[in-house]
Protein chains: 4
Amino acid sequence: MSPNLDRRSERSRQAIIEAAMALCREQGLARTTVEEIAKRAGVGKQTIYRWWPSKTAVVEEGINELAGTATDFPDTGDLLADLRTQMAGVASILSSPLFAPYLSLIGAAQDDPELAKSFLDGLVKPRVNAARDRLKVAQDQGQLRADADLDDVVELLYGPIYYRALLRTRPPSPAQVDELLRLAFAGLTPIR
Amino acid sequence: MSPNLDRRSERSRQAIIEAAMALCREQGLARTTVEEIAKRAGVGKQTIYRWWPSKTAVVEEGINELAGTATDFPDTGDLLADLRTQMAGVASILSSPLFAPYLSLIGAAQDDPELAKSFLDGLVKPRVNAARDRLKVAQDQGQLRADADLDDVVELLYGPIYYRALLRTRPPSPAQVDELLRLAFAGLTPIR
Amino acid sequence: MSPNLDRRSERSRQAIIEAAMALCREQGLARTTVEEIAKRAGVGKQTIYRWWPSKTAVVEEGINELAGTATDFPDTGDLLADLRTQMAGVASILSSPLFAPYLSLIGAAQDDPELAKSFLDGLVKPRVNAARDRLKVAQDQGQLRADADLDDVVELLYGPIYYRALLRTRPPSPAQVDELLRLAFAGLTPIR
Amino acid sequence: MSPNLDRRSERSRQAIIEAAMALCREQGLARTTVEEIAKRAGVGKQTIYRWWPSKTAVVEEGINELAGTATDFPDTGDLLADLRTQMAGVASILSSPLFAPYLSLIGAAQDDPELAKSFLDGLVKPRVNAARDRLKVAQDQGQLRADADLDDVVELLYGPIYYRALLRTRPPSPAQVDELLRLAFAGLTPIR
DNA sequence: TTCTAATCGAGACGGTACGTCGCGTCTTTAA
DNA sequence: TTAAAGACGCGACGTACCGTCTCGATTAGAA
């Protein structure tokens, strides 16, 4: 019924993911076809369909491998510094052609509830949890407002970065992160 | 060369937009086909292609008509109150099934630079400008930190709403807006 | 539901039939694919599937057009001479590369009851009937044994020609027809 | 190079042939796949490909075993009686579902010269030779027209049986054989 | 008010890609 | 070494839509 994982060809698996990511970078996910991926990977279409339900699932796996630990959270004891480091990494990623398939994936998820779910569970939640954990430590240390809900804080900090990337107003950047952190921590209320 | 606008059938125009929006709400933009739109609208395919370059353009027009003045900015003199009002409207829209095609459109734009451009110019920029104008007035009145770049402020306030909608963590809501405004204006720095 | 015959492209119809027949002659029906036919005819696959249920149906129509009136029965008043003429025509056809698809069709019909039926009704029966009509006239004129069942006679005369063609023992030929007629009319019983 | 016959599994060999024949009877040769045969026989595909070049070769072997000595020629000294016996056997076979794969095989051979050759050499020729031998004896005894070419006689007698089977006009039968022999021996020329 | 040219609904067309089936080969594990 | 099992690269299947292209049949503006 379901295929035997032991007999799976690792060579083909990697070739498929790499081909999918490359094509996705060149033309976007929408214009990338399973046939092209198969051809570029030197693989039969069936081998793709045997192990993934769709091209988006392939790209999801590719993104997951690519992201790896790149967005891990540091803990130097200084929250602001750590946020600056990590968020600058996120901003770089979201403006990098290497990670363009990531934005395509978020795009595709808008019309694909299953993809949305696996994307949320597999890519977003783990990283949000890590962020929340780091914030919790800082909050306990008095480096963060005690009455702030940590999910709200995560949204406040990362929302603006994704906003730029997804609405294409301007690319996210480390400079944005600096200003963003300054504003978010100081608050918009004018100094009296 | 280009078709004669005077002879255009308004009945068909509306039927097409309504069919496109309805199908988009039912199945998402990706699964909606031009043929379906034509059939549901009781229209020939050619009539769609004569007036729009693609199905996304139809949906874009539909969104534009639907949005109308719903997200206009009030000016009661009280910035925080006005933001609360307007942002709550945005949050409602972004969580409403009626506006689901709007998210689909942002999704499609990730792989379609032309759509991204016209979407940005036609839908996003005018509203961002209106927001910036309102913020400028408030800043001049001393209701907003003087050293805050207004584009950054817009991102800080709207980023978190779009973040929830597009990453599907949880739906945007007026309650989010309240907390968001509280945090953003007060700042994350703990009260000493 | 079913396509509109008035709007059918005659150019495409002919190109498809000609391509199918040509490929069938070159490689046999079994190795001929719908995709090849479409490509050679400069036509979309759907156009084939719109008007025919299968490639064999295309070839059937091609054979029908090709056969035309080539196997019509003459009536000079001399049964033996007429049979010689007409059967020689049949023998030529069954050994001609031009008509190779005809044998392929009979082959395919062995595993396809629907094809067998339409082949029988469309190609075989009309010709058998014509043969029987000619034989009936001759029988009434005393040129053919009065107690012979005409269907049996048809089988006796044409069976050996098809036998050679389908079992590939040796190709049918006018010479075969001569000898066949001699034997069949004189009978196998030795002259006392 | 070629596999070792001594180590061959007789159990598998028989299971494969039986599965192939059964499937061929149920669905025809064209719709029978090697994968189905392997599955039904409880055998790996490779085991089929190791010992046969194609599914038709398996069926050919199956037919050969099935036919066995069923169509052997008797020699009671009475040609007509012997022909009646043997031809009735052939007619029974050609109208029996058990032997349906035989007709499928002839069908497949129309587009497969290699199959045609091995079919002709392995199945047809030996039986034609046996028939010719029996006819030769009879001819020498004066039971058959002396000036009749024996290959022509074989075609005259067996052609009509195959004709019915392959063109699907009506099934061959012992009754057909009776009438056939009557006509062929008496001749079609009216009695003066 | 009639003429006439553009737009309309309809849908056939040449294509591209889909997701599936089966081919014949190859690789792994067990007997 | 042969066997069962089944993954693999490949090619074709029949289908769904694409965007273009005819077709009459309206239908509204200019004559």
Side-chain angles (χ1 to χ4, degrees), chain A residues 1-9 11-13 15 31-39 41-51 53-55, chain B residues 3-9 11-13 15 31-39 41-51 53-55, chain C residues 1-9 11-13 15 31-39 41-51 53-55, chain D residues 3-9 11-12 15 31-39 41-55:
Chain A
M1 183 124 289
S2 86
N4 184 339
L5 267 165
D6 295 343
R7 306 240 151 146
R8 181 170 190 183
S9 159
R11 148 196 284 288
S12 294
R13 192 190 138 271
R31 279 179 236 292
T32 297
T33 69
V34 174
E35 244 157 36
E36 261 180 326
I37 297 173
K39 185 164 227 177
V43 134
K45 275 200 287 179
Q46 191 68 63
T47 301
I48 299 180
Y49 286 112
R50 189 165 12 241
W51 302 109
S54 65
K55 66 181 177 185
Chain B
N4 184 340
L5 269 164
D6 295 343
R7 288 184 174 266
R8 181 173 190 181
S9 159
R11 149 198 282 290
S12 293
R13 193 190 137 272
R31 279 179 237 292
T32 298
T33 69
V34 173
E35 261 163 20
E36 260 180 326
I37 297 173
K39 186 160 232 176
V43 133
K45 279 200 288 176
Q46 189 64 266
T47 302
I48 299 180
Y49 286 111
R50 193 168 6 242
W51 303 108
S54 65
K55 67 180 176 186
Chain C
M1 181 125 289
S2 86
N4 185 339
L5 267 165
D6 295 343
R7 296 208 188 276
R8 182 171 189 182
S9 159
R11 147 196 285 289
S12 295
R13 193 191 137 271
R31 279 179 236 291
T32 297
T33 70
V34 175
E35 244 156 37
E36 262 180 325
I37 297 174
K39 185 164 225 176
V43 135
K45 275 201 286 180
Q46 191 66 61
T47 301
I48 299 180
Y49 286 112
R50 191 165 11 239
W51 302 109
S54 64
K55 66 181 177 185
Chain D
N4 184 340
L5 269 165
D6 296 343
R7 289 187 174 263
R8 181 172 191 183
S9 158
R11 146 197 285 291
S12 294
R31 280 179 238 290
T32 298
T33 69
V34 174
E35 260 161 22
E36 261 180 326
I37 297 173
K39 184 161 234 174
V43 132
K45 280 200 289 177
Q46 190 64 268
T47 303
I48 299 181
Y49 286 112
R50 198 176 353 252
W51 303 108
W52 291 275
S54 65
K55 67 182 177 186

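Chain A is the first sequence line, chain B the second, and so forth, proteins listed ahead of strands; every chain is numbered from 1. Values in this document were obtained by computation on a predicted structure and should not be read as measured data.
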Contacts of A/R11 that satisfy side chain to side chain contact (heavy atoms under 4.5 Å, CB included) - sequence neighbours left out: A/S9
For C/D6, which residues count as a side chain to side chain contact (heavy atoms under 4.5 Å, CB included) partner, sequence neighbours excluded? C/N4
For A/W51, report the nucleic acid contact type (base, sugar-phosphate, nothing); a contact means any heavy atom under 4.0 Å. sugar-phosphate
Please classify the nucleic acid contact of A/R50 as base, sugar-phosphate, or nothing, using heavy-atom distances under 4.0 Å. base
Annotated protein contacts, base or backbone, on nucleotides 26-31 of chain F with a non-hydrogen cut-off under 4.0 Å, one of B, S, - each: --BS--
Apply side chain to side chain donor-acceptor pair (under 3.5 Å) to A/W51 and list each qualifying residue two or more places apart in sequence or on a separate chain. none
Length of the line joining [X]:[atom1] and [N]:[atom2], which is rounded to integer Å:
X: D/W52; N: E/dG24; atom1: CH2; atom2: P; result: 15 Å
X: A/K39; N: E/dT16; atom1: NZ; atom2: C1'; result: 13 Å
X: C/I37; N: E/dG14; atom1: CD1; atom2: P; result: 14 Å
X: B/R13; N: E/dC8; atom1: CZ; atom2: P; result: 12 Å
X: A/I48; N: F/dC10; atom1: CD1; atom2: C1'; result: 13 Å

I want to confirm an ordering. Mapping A/R8 and D/A38 to their closest nucleotides on DNA chain F, which one lands closer to the 5' end? D/A38
Ranking A/G42 and D/R11 by the position along DNA chain F of their nearest nucleotide, the one closer to 5' is D/R11
Please list, for nucleotides 18-22 of chain E, all pairs of protein and nucleotide N/O atoms separated by less than 3.5 Å.
{"unit_1": "E/dC18", "atom_1": "OP1", "unit_2": "A/V34", "atom_2": "N", "d": "2.7"}
{"unit_1": "E/dC18", "atom_1": "OP2", "unit_2": "A/V34", "atom_2": "N", "d": "3.3"}
{"unit_1": "E/dC18", "atom_1": "OP2", "unit_2": "A/E35", "atom_2": "N", "d": "3.0"}
{"unit_1": "E/dG19", "atom_1": "OP2", "unit_2": "A/Y49", "atom_2": "OH", "d": "2.2"}
{"unit_1": "E/dG19", "atom_1": "O5'", "unit_2": "A/Y49", "atom_2": "OH", "d": "3.3"}
{"unit_1": "E/dG19", "atom_1": "N7", "unit_2": "A/K45", "atom_2": "NZ", "d": "2.9"}
{"unit_1": "E/dG19", "atom_1": "O6", "unit_2": "A/K45", "atom_2": "NZ", "d": "2.8"}
{"unit_1": "E/dC21", "atom_1": "N4", "unit_2": "A/Q46", "atom_2": "OE1", "d": "3.2"}

For a quick test of reading the model: is some side-chain N or O of D/S9 closer than 4.0 Å to OP1 or OP2 of F/dT2? no
Would one find a side-chain N or O of A/T47 under 4.0 angstrom from OP1 or OP2 of F/dA7? no
Please tabulate, one pair per line, all N/O donor-acceptor pairs under 3.5 Å involving side-chain atoms of residues 32-39 of chain C, not counting sequence neighbours.
{"unit_1": "C/T32", "atom_1": "OG1", "unit_2": "C/L23", "atom_2": "O", "d": "3.4"}
{"unit_1": "C/T32", "atom_1": "OG1", "unit_2": "C/G28", "atom_2": "O", "d": "2.7"}
{"unit_1": "C/T33", "atom_1": "OG1", "unit_2": "C/E36", "atom_2": "N", "d": "3.0"}
{"unit_1": "C/E35", "atom_1": "OE2", "unit_2": "C/K45", "atom_2": "NZ", "d": "2.9"}
{"unit_1": "C/E36", "atom_1": "OE1", "unit_2": "C/T33", "atom_2": "N", "d": "3.2"}
{"unit_1": "C/E36", "atom_1": "OE2", "unit_2": "C/Q27", "atom_2": "NE2", "d": "3.1"}

From C/S2 OG over to C/R50 CZ, what is the distance, rounded to the nearest 0.5 angstrom? 11.5 Å
If the condition is salt bridge (charged side-chain N to carboxylate O under 4.0 Å, His left out), which residues does D/K55 pass it with, not counting sequence neighbours? none
